[in-house]
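Heads up, the thing below is written out as structure tokens.
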Amino acid sequence: MVHTGDSQDNTQQVRVGVLALQGAFLEHVNILSRLPNVIAVLVRRKEHLSTIDALIIPGGESTTIALVAERSGLLNSLKDFVQTKPTWGTCAGLILLANEVHKTKKGGQKVLGGLDIAVNRNQFGSQIDSFEAPLNFANVTTSDTDLFPAVFIRAPIITSINSSDVKVLAKLEHNVGQTDASAVVAVQQGHLLGTAFHPELTDDDRIHRYFVQIVTQILNEKLKHAKT
Ligand SMILES: NC(=O)CC[C@H](N)C(=O)O
């Protein structure tokens with residue numbers, strides 16, 4: 001789980017936490033552990049948050065993750081963390097980072113918020129529970145021949161973008177069931193990244209590398225400000 005990176009490389013190490021309450025957290029840890037200069041940390045208690053530079057909220061069941069976080073006294077600390085620290089939500093994690101969630105049963109759903117977007121949970125319904133779609137992903141793919149193999153599992157989509165700070169990174173390339181091509185499936189708002197799919201379930205680590213790049217950039221900026 002702990003990777004110290006290449007000793008020849010002077011790049012600073014980053015500690016990336018993975019919220020480990022429910023869902024596909026180990027798969028993220030496995031990919032992070034392969035990256036140079038990254039230490040993956042399982043996050044289960046609020047004390048863990050003060051030991052990390054950034055956080056990944058994995059896929060799983062967003063209602064369950066929120067419930068377990070609340071019961072373990074982690075929910076409010078997570079809300080504070082995502083306001084300022086680099087955080088990436090995948091699938092259920094994206095839902096938890098959204099300010100507005102639709103298609104949720106009566107009683108609503110607790111979220112952390114942060115991304116000025118609305119999402120529809122379970123967009124593709126039971127008919128198309130899961131599928132793989134190649135995507136153009138801004139800052140990650142460079143041509144139509146190196147698309148990202150995105151795995152969608154009972155996935156949400158982003159139905160509205162409510163701030164000009166939110167940048168669209170990827171859209172579906174083809175219609176999927178009732179959902180049109182051009183549905184937004186990945187966004188970034190400053191230090192927050194959200195993907196409706198599961199990059200940790202493929203061998204392709206480009207989006208993990210992209211997230212680490214965001215984290216490193218933010219840490220370097222902070223360091224620069226601290227020195228001036
Ligand atoms: N693969 C996933 O993370 C599924 C998300 C789940 N459908 C939810 O609404 O929370």
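For ligands, and for the atoms within them, numbers begin at 1 and follow the listed sequence.
- Hydrophobic clustering, with ILVMFWY side chains joined whenever heavy atoms are under 4.5 angstrom apart, groups Val176 together with Phe197.
- When the options Ile161, Leu97, Leu192, Thr159 are evaluated for a side-chain contact (heavy atoms from CB on, under 4.5 Å) with Ile117, the one that passes is Ile161.
- A donor-acceptor pair shorter than 3.5 Å cannot be found between the side chains of Asp180 and Ser182.
- Atom CH2 of Trp88 is separated from atom CD1 of Ile207 by 6.0 Å, given to the nearest 0.5 angstrom.
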I'd like the atom pairs linking ligand 1 to the protein - N or O on both sides, separation under 3.5 Å - with distances to 0.1 Å.
{"residue": "ligand 1", "atom": "1 (N)", "partner": "Ile153", "partner atom": "O", "Å": "2.9"}
{"residue": "ligand 1", "atom": "1 (N)", "partner": "His198", "partner atom": "NE2", "Å": "2.8"}
{"residue": "ligand 1", "atom": "3 (O)", "partner": "Gly60", "partner atom": "N", "Å": "2.8"}
{"residue": "ligand 1", "atom": "3 (O)", "partner": "Gly60", "partner atom": "O", "Å": "3.1"}
{"residue": "ligand 1", "atom": "3 (O)", "partner": "Ala92", "partner atom": "N", "Å": "3.0"}
{"residue": "ligand 1", "atom": "7 (N)", "partner": "Asn122", "partner atom": "OD1", "Å": "2.6"}
{"residue": "ligand 1", "atom": "7 (N)", "partner": "Arg154", "partner atom": "O", "Å": "2.9"}
{"residue": "ligand 1", "atom": "9 (O)", "partner": "Arg121", "partner atom": "NE", "Å": "2.6"}
{"residue": "ligand 1", "atom": "9 (O)", "partner": "Arg121", "partner atom": "NH2", "Å": "2.9"}
{"residue": "ligand 1", "atom": "10 (O)", "partner": "Ser62", "partner atom": "N", "Å": "2.6"}
{"residue": "ligand 1", "atom": "10 (O)", "partner": "Ser62", "partner atom": "OG", "Å": "2.7"}

Would you check, one step at a time, whether the test side-chain contact (heavy atoms from CB on, under 4.5 Å) holds for Phe211 with His28? CA-CA 12 Å; Phe211 181 59; His28 276 294; over 6 Å; no

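- The aromatic rings of Phe131 and Phe124 sit perpendicular to each other, their planes meeting at more than 60°, with 30° as the lower class boundary.
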